[in-house]
Amino acid sequence: MLGTAAGGGVPQWNCSCRLCDLCRKGTGAVTPRLQLQAIVSGDGERWFLLNASPDLRFQIEANPELQPSPQHGRRNTPIEGIVLTSADLDQVLGVLLLREFQPLTLYATRLVRQTLEANSFFRMLERVPRQLTWVEIVPGQPFSLGSSGISCTPVPLEGSLPFYAREMDTKEPGQASLGLVLEKDDRRVAYTPSVPEITPELRDIYRTCDAILVDGTFWSDAELSRTHAGTPAARSIGHVPLSGEDGTIALLADVDFPRKVFVHINNTNPMLETGSAEYRAAVEAGWQVAHDGWQLNR
Ligand SMILES: [Zn+2]
């Protein structure tokens with residue numbers, strides 16, 4: 001995980017909430033986090049990005065495994081492809097940062113592709129022939145991540161296209177929002193940084209996994225609106241809050257086989273403060289709170 005924060009990061013540029021303030025003071029109570037970015041590799045040489053964060057340039061420069069090598073000529077990258085789980089700006093802006101005439105392979109649903117192609121900025125990725133290769137992914141149908149040996153199954157989630165493209169939405173299940181199940185050598189990892197509802201189907205998927213990386217955006221439904229008046233409730237913007245009888249921690253209490261990890265944590269979430277009651281409650285319930293640099297190895 002090269003970034004573990006929700007949109008805006010921690011601290012967020014225009015936020016002086018208690019947690020952002022604590023983070024800026026640098027006491028260590030709240031660790032800074034870049035915006036969400038996961039990377040996976042089958043061999044440690046060639047890498048796939050799961051979405052592409054607005055912080056991607058910093059994430060590449062801070063991690064040698066993602067950097068070009070002089071052995072392979074002047075222009076090269078170990079990044080073999082990018083899997084998009086939605087058209088949200090926080091998940092796709094990083095793609096525009098990779099435009100410097102570099103051939104890219106993007107895996108996305110038909111609707112996410114159409115949404116991005118309708119945006120003129122993305123034409124910068126098609127300035128030369130074969131710069132951009134789209135691979136259409138279909139909810140429920142496994143596909144191979146290049147030659148990595150990793151199989152990836154898109155899991156359809158409720159969710160609509162982001163505000164900037166809402167008129168393009170077709171309401172087809174899973175076209176606008178996906179989770180991913182990654183498999184290699186009988187090991188399974190679920191990557192679901194945005195969970196609008198914990199359905200029986202999703203619980204069943206989680207039960208079959210060795211590790212689950214789950215939406216940790218908000219601790220409570222009212223947290224965002226309590227911190228910033230006029231902002232929406234967690235559930236209304238597609239995130240099950242972590243606390244409460246109908247929160248993620250309670251609803252997944254009996255999913256006890258996989259390693260359980262929260263990712264995509266908003267700067268308002270009190271769980272970010274390692275000494276807090278909320279952090280302790282998450283850990284005591286068997287969850288890890290991912291930080292930038294967190295790794296899942298065999
Ligand atoms: Zn804040």
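Note that ligands are numbered from 1 as they come in the structure, with each ligand's atoms numbered from 1 the same way. Positions are given from 1, in the same order as the sequence printed here. These values consider heavy atoms only, across backbone and side chains, with no hydrogens, waters or symmetry-generated copies.
- Take a cut-off of 2.8 Å around the Zn ion (ligand 1): the protein N, O or S atoms inside it are C15 SG, C17 SG, C20 SG, N267 OD1.
- T4 and D292 share a side-chain donor-acceptor pair at under 3.5 Å.
- Judged by distance alone, the side chain of R33 and the main-chain N or O of A290 form a donor-acceptor pair under 3.5 Å.
- Classified by interplanar angle (parallel below 30°, tilted 30° to 60°, perpendicular above 60°), the ring pair H239/F218 is perpendicular.
- A donor and an acceptor atom, one from each side chain of T85 and N51, are located under 3.5 Å apart.
- Under the 3.5 Å distance criterion, the side-chain polar atoms of D43 are matched with a main-chain donor or acceptor of E45.
- Under the 4.0 Å criterion applied to side-chain N and carboxylate O atoms, D210 and R188 are not assigned as salt-bridge partners.
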